[in-house]
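Data block below; observations after.
Every heavy atom of this structure was used, including side-chain atoms; hydrogens, water molecules and symmetry mates were not. Each ligand, and each atom within it, is numbered from 1 in the order the structure gives.
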Amino acid sequence: MKFVSTRDPSLSATASVALLEGMAPDGGLYVPEALPAADMRSLDGSAPMHELAATLLAPFFTGDPLARSLEAISVEALEVHVPLGTVQGKPAHLSILELFHGPTAAFKDFGARFLAACLARVRREDARPVTVLVATSGDTGGAVASAFHGRPGVRVLLLYPEGRVSAIQERQLTCWGGNVRSLAVQGSFDDCQRLVKQAFADASLRKRHALTSANSINIGRLLPQLVLFASAALRVREARGGFANFVIPSGNLGLGTACAYARAMGLPIDGIVLAHNANRTVPDFFALGEWKPRSSVATLASAMDIGDPSNMERLFALHPDRAELRRKLRAASVDDAEIRDSIRTEFERSGLVLCPHTAAGFAAYRGLPERDRLAGPWVVAATAHPAKFPETVEPLVGRRVDAPPALAHLLQGQTSRNLIRAELAELVAHLESPQG
Ligand SMILES: *Cc1c(COP(=O)(O)O)cnc(C)c1O
């Protein structure tokens, strides 16, 4: 299998090269040259997630050195419980897919751990250590740090906007030490992302430090995510018959793109609704047909505060005809008042305690026309544990939300960080310094 650049299909790479480079040399994103058809007869929804992953992802690694290790990689990344719980049975069936039982309590653990397990096995010719550079507005950095911490041959530099992440998120970014270093940037998330892009654009810097990306522009983050939807759709089919419809809290569209990939491979998936917050770039495209990226606005669902989602480029590549793309997926925008209302009412309705991102998903579901809801079954993806956002969630449900044990453990102990100005020279100084 070859992966090709979204901008120039003549630029191709095998899986391990695509994962190692993070981004195609022309600035495009790597996408599979063709999506393999899943052999539906051999797939079993009751199989453990890692077994399903080894089967479904094998074609993507054909001819690649990582193919031999795919089973072990899948176990490392996907041996996590992913419950699918019924929220309501009638009149329309609705369930919740809990993707937050990994070590940092957000779905990004799956992609980050899969990528880490792959990169740890890719032997570079010059055996130089790889440097993973990540700009984070919150959840990505913690998941990536957790996945790469203590792995030989890899170091991680996390850039986050000083003063603009939640207290729990900051702890998750700064509690590691060892091969993970955190840089608090005096600026916004956009400044962090700009610094990372500038570092990547400097070919000699990129080569000298073997820079790679662990943001969802890296195809290694997306592949394991398609297995999450495959598993859920197979479980829905076995329990209820028929195709599953998904609502996916979305920002950079990595999770939504993975779901679209699973559907294109032939898994029993029907509707896909992308639930965005007040950052309306994607919902406006689906409503009006014009693609107009803009700067992001801050919301309660901060991990989805993205005005120019990178993975849209992958959706355009999957459905090059824009009218068809607008028929194949749908999108909704949910503002902060609706997010608050959703957290409150879903708790009253069924006792569910939702994080602000998942709450946007439930609000998008409730906003669907009734005939669409009745045509279910529907599944809302729950992307983070509510205990990561106690300032927002606790006052709305009127009780304490306890952190799961893995998260609670992270919240104890030492932290360390380096404060830098939003200038490439300061980032480079950290890249070149030996303790990093
Ligand atoms: C990252 C994130 C999202 C959005 O996922 P994308 O793949 O960027 O669309 C939604 N919810 C949570 C909790 C996240 O951390």
Have E21 and Y30 got a donor and an acceptor in their side chains that come within less than 3.5 Å?
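A donor-acceptor contact under 3.5 Å links the two side chains.
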If you define the side chain from C-beta out and look only at heavy atoms, does anything of L97 sit under 4.5 Å from V379?
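L97 reaches V379 side chain to side chain.
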Indicate yes or no: at least one non-hydrogen side-chain atom of F229 is less than 4.5 angstrom from one of R263.
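No, too far: nothing below the 4.5 Å cut-off.
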Could you tell me if R330 sits above the aromatic ring of F286, with its cationic atom closer than 6.0 Å to the ring centre and no more than 45 degrees from the axis?
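No, R330 does not lie over the aromatic ring of F286.
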Would you call E170 and K388 a salt bridge, using N to O less than 4.0 angstrom?
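Judged by the 4.0 Å cut-off on N to carboxylate O distance, E170 and K388 do not form a salt bridge.
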Kindly tell me which protein residues have any non-hydrogen atom under 4.0 angstrom away from an atom of ligand 1, grouped by chain and ordered by number?
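The answer is F107, K108, D139, P249, S250, G251, N252, L253, G254, L255, A303, M304, H357, T383, A384, counting any residue whose heavy atom sits under 4.0 Å from ligand 1.
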Pairs where residues 104-114 contributes a residue and the test side-chain hydrogen bond (donor to acceptor under 3.5 Å, both in side chains) is met, not counting sequence neighbours
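Non-adjacent pairs meeting side-chain hydrogen bond (donor to acceptor under 3.5 Å, both in side chains): T104-D109.
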